[in-house]
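In what follows, a structure is listed as structure tokens, so that the remarks can point back to it.
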Protein chains: 2
Amino acid sequence: MLKGHLDAIVLAALAGEPAHGYAIIEEIRRRSGGVFNLPEGTVYPALHRLEKAGAVNSDWTTAPNGRRRRVYTLTPQGRASLDHHRDVWRDFARAIDTMMASGDPGAPLGDGPPWPTR
Amino acid sequence: MLKGHLDAIVLAALAGEPAHGYAIIEEIRRRSGGVFNLPEGTVYPALHRLEKAGAVNSDWTTAPNGRRRRVYTLTPQGRASLDHHRDVWRDFARAIDTMMASGDPGAPLGDGPPWPTR
DNA sequence: ATCCTATGCCTAGTAATTCTAGGTATGGAA
DNA sequence: TTCCATACCTAGAATTACTAGGCATAGGAT
């Protein structure tokens with residue numbers, strides 16, 4: 001379950017350098033430490049959607065081994081979108097962290113700001 | 001958008017003390033700093049679902065002002081569920097943090113563990 | 001030679017989740 | 001007496017990601 005952050009994750013995976021779909025899936029699995037093991041049926045439609053929205057471009061290429069690959073590149077607009085997603089994520093994560101922290105058996109209540117000061 | 005963490009949020013809101021639905025909504029808005037402003041159509045069905053699942057109990061009470069309220073209490077099972085949600089959240093958040101951090105314009109690449117050591 | 005696995009792409013339909021939009025009812029303030 | 005906040009509820013829509021299939025080729029194993 002990607003919980004609404006699929007676009008952010010895919011864009012983040014492309015932030016370093018262009019990559020083709022299959023490689024993106026592996027990159028996400030690797031970077032997330034195995035937490036995100038996305039099926040192709042999740043990622044490919046997402047890439048098509050992102051391209052339609054102008055966040056990525058794609059080019060068909062032929063790999064050294066002779067296979068056809070569709071390589072996706074982040075557009076400036078896509079990078080801006082990623083930045084936005086980052087902001088949204090920070091707010092979201094902080095909000096959940098706060099919710100989770102309050103009522104934590106190990107956490108004293110009512111002292112200081114409820115945010116974990118990370 | 002709750003992004004699949006609705007149950008966790010509602011359970012967390014009840015971790016401190018029992019509360020009725022309307023109060024839970026306000027508590028969530030307050031604790032999240034306004035990030036989560038959940039409509040009743042989201043929270044009430046969630047509470048019913050959680051009760052069916054045995055995570056909360058409910059009792060009809062009459063408030064000092066004479067209004068009928070349904071007060072929800074976390075069950076031991078609900079508390080265990082909350083603990084589980086907390087673990088899931090930590091893994092999830094760390095994975096996204098890592099994804100977001102890589103390729104961050106301000107972040108040097110390839111040094112140290114990719115996790116923000118919080 | 002043939003099979004199997006990994007690579008590499010794709011889509012239609014389904015399942016799960018949350019929101020929209022409506023409904024009901026009462027207390028207290030303007 | 002009218003309006004707003006409180007307080008509960010539900011059916012259906014919208015969004016999102018996944019399941020389950022399909023197609024094709026390279027390279028290693030049998």
Side-chain angles (χ1 to χ4, degrees), chain A residues 1-11 13-14 18-30 32 35-53 55-56 58-72 85 88-89 92 95-96 99, chain B residues 1-11 13-14 18-30 32 35-53 55-56 58-72 85 88-89 92 95-96 99:
Chain A
M1 272 285 196
L2 279 299
K3 330 224 169 171
H5 299 285
L6 174 57
D7 286 5
I9 291 169
V10 170
L11 291 175
L14 280 172
H20 63 283
Y22 202 81
I24 290 173
I25 291 172
E26 293 189 317
E27 177 70 4
I28 290 173
R29 181 171 44 232
R30 192 185 61 77
S32 70
V35 175
F36 299 139
N37 198 349
L38 307 191
E40 302 176 359
T42 293
V43 174
Y44 287 120
L47 286 168
H48 300 162
R49 197 160 23 82
L50 288 170
E51 182 165 32
K52 209 171 194 174
V56 301
S58 74
D59 294 288
W60 282 101
T61 63
T62 303
N65 56 13
R67 287 173 190 248
R68 286 170 71 251
R69 288 173 174 173
R70 195 164 174 181
V71 173
Y72 290 89
H85 277 298
V88 171
W89 165 250
F92 179 77
I96 300 262
M99 293 295 309
Chain B
M1 271 288 194
L2 279 300
K3 328 225 171 173
H5 298 284
L6 174 58
D7 286 7
I9 291 169
V10 171
L11 291 175
L14 281 172
H20 63 284
Y22 202 82
I24 290 173
I25 290 172
E26 293 189 317
E27 176 72 3
I28 290 172
R29 179 170 46 231
R30 192 186 61 77
S32 71
V35 176
F36 298 138
N37 197 351
L38 307 191
E40 302 175 359
T42 294
V43 175
Y44 286 121
L47 286 167
H48 300 162
R49 195 160 25 81
L50 288 170
E51 181 165 32
K52 209 171 193 173
V56 301
S58 74
D59 294 289
W60 283 101
T61 63
T62 302
N65 55 12
R67 289 177 189 242
R68 288 170 70 249
R69 287 174 175 173
R70 195 165 172 181
V71 173
Y72 291 89
H85 278 297
V88 171
W89 164 252
F92 179 77
I96 300 261
M99 293 296 308

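Labels below follow one simple rule: chain letters A, B, ... track the order of the sequence lines, proteins then strands, and each chain is numbered from 1. Note that these values count all heavy atoms, side chains included, but never hydrogens, waters or copies made by symmetry. Bear in mind that the values here come from a model prediction, so they are computed numbers and not experimental data.
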- Locate the shortest heavy-atom distance separating B:N37 from B:R29; write the atom from each residue and the value. OD1-NH1, 2.7 Å

- Message: Can you tell me if A:Y22 touches the phosphate of C:dT7, counting only side-chain N or O atoms and a distance under 4.0 Å to OP1 or OP2?
- Response: yes

- May I ask you to evaluate whether B:H48 reaches the phosphate of D:dT10, defined as a side-chain N or O under 4.0 Å from OP1 or OP2? yes

- Task: Send over the distance from A:H5 NE2 to D:dT16 P, rounded to a whole Å.
- Result: 12 Å

- Note on the structure: By nearest-nucleotide position on DNA chain C, the 5'-leaning member of B:G4 and B:N65 is B:G4

- Query: Nearest to the side chain of B:H20, which nucleotide is it out of D:dA7, D:dC9, C:dC9?
  - Reply: D:dA7

- Message: So B:L38, base contact, sugar-phosphate only, or nothing? Heavy-atom distance under 4.0 Å.
- Response: nothing

- Message: Tell me whether the rings of A:F92 and A:H5 are parallel (<30°), tilted (30 to 60°) or perpendicular (>60°).
- Response: tilted

- Message: Considering every strand and a 4.0 Å limit on heavy-atom distances, what is the contact class for B:R67: base, sugar-phosphate, or nothing?
- Response: base

- Item | A:L50 CG to C:dC10 C1', straight-line distance once rounded to whole Å | 16 Å

- Task: Report the distance from atom CZ of A:R49 to atom C1' of C:dT11, rounded to the nearest whole Å.
- Result: 14 Å

- Item | Distance in angstrom units between A:E26 CD and C:dC9 P, rounded | 10 Å

- Scan A:G41 against the nucleic acid and name what it touches under 4.0 Å (heavy atoms): base, sugar-phosphate only, or nothing. base

- Query: Yes or no on side-chain contact (heavy atoms from CB on, under 4.5 Å) for A:V56 and A:L11, after CA distance, side-chain angles and deciding distance?
  - Reply: CA-CA 8 Å; A:V56 301; A:L11 291 175; 4.2 Å; yes

- A:E51 CD to C:dC9 P, straight-line distance once rounded to whole Å: 13 Å

- Whole-Å distance, A:Y44 OH to D:dG21 C1', equals 15 Å

- Item | Steps toward side-chain contact (heavy atoms from CB on, under 4.5 Å) verdict (B:L14, B:L50) | CA-CA 12 Å; B:L14 281 172; B:L50 288 170; over 6 Å; no

- Can you tell me the distance, in whole Å, between the CD atom of B:E40 and the C1' atom of C:dA25? 13 Å

- Task: To the nearest Å, give me how far apart CG (A:L47) and P (C:dC10) are.
- Result: 8 Å

- Query: So which heavy atom on B:R70 is nearest to which on B:S58, and how close?
  - Reply: NE-OG, 3.1 Å

- Query: Looking for any heavy atom pair under 4.0 Å, which part of the strands does B:G66 touch: base, sugar-phosphate only, or nothing?
  - Reply: nothing

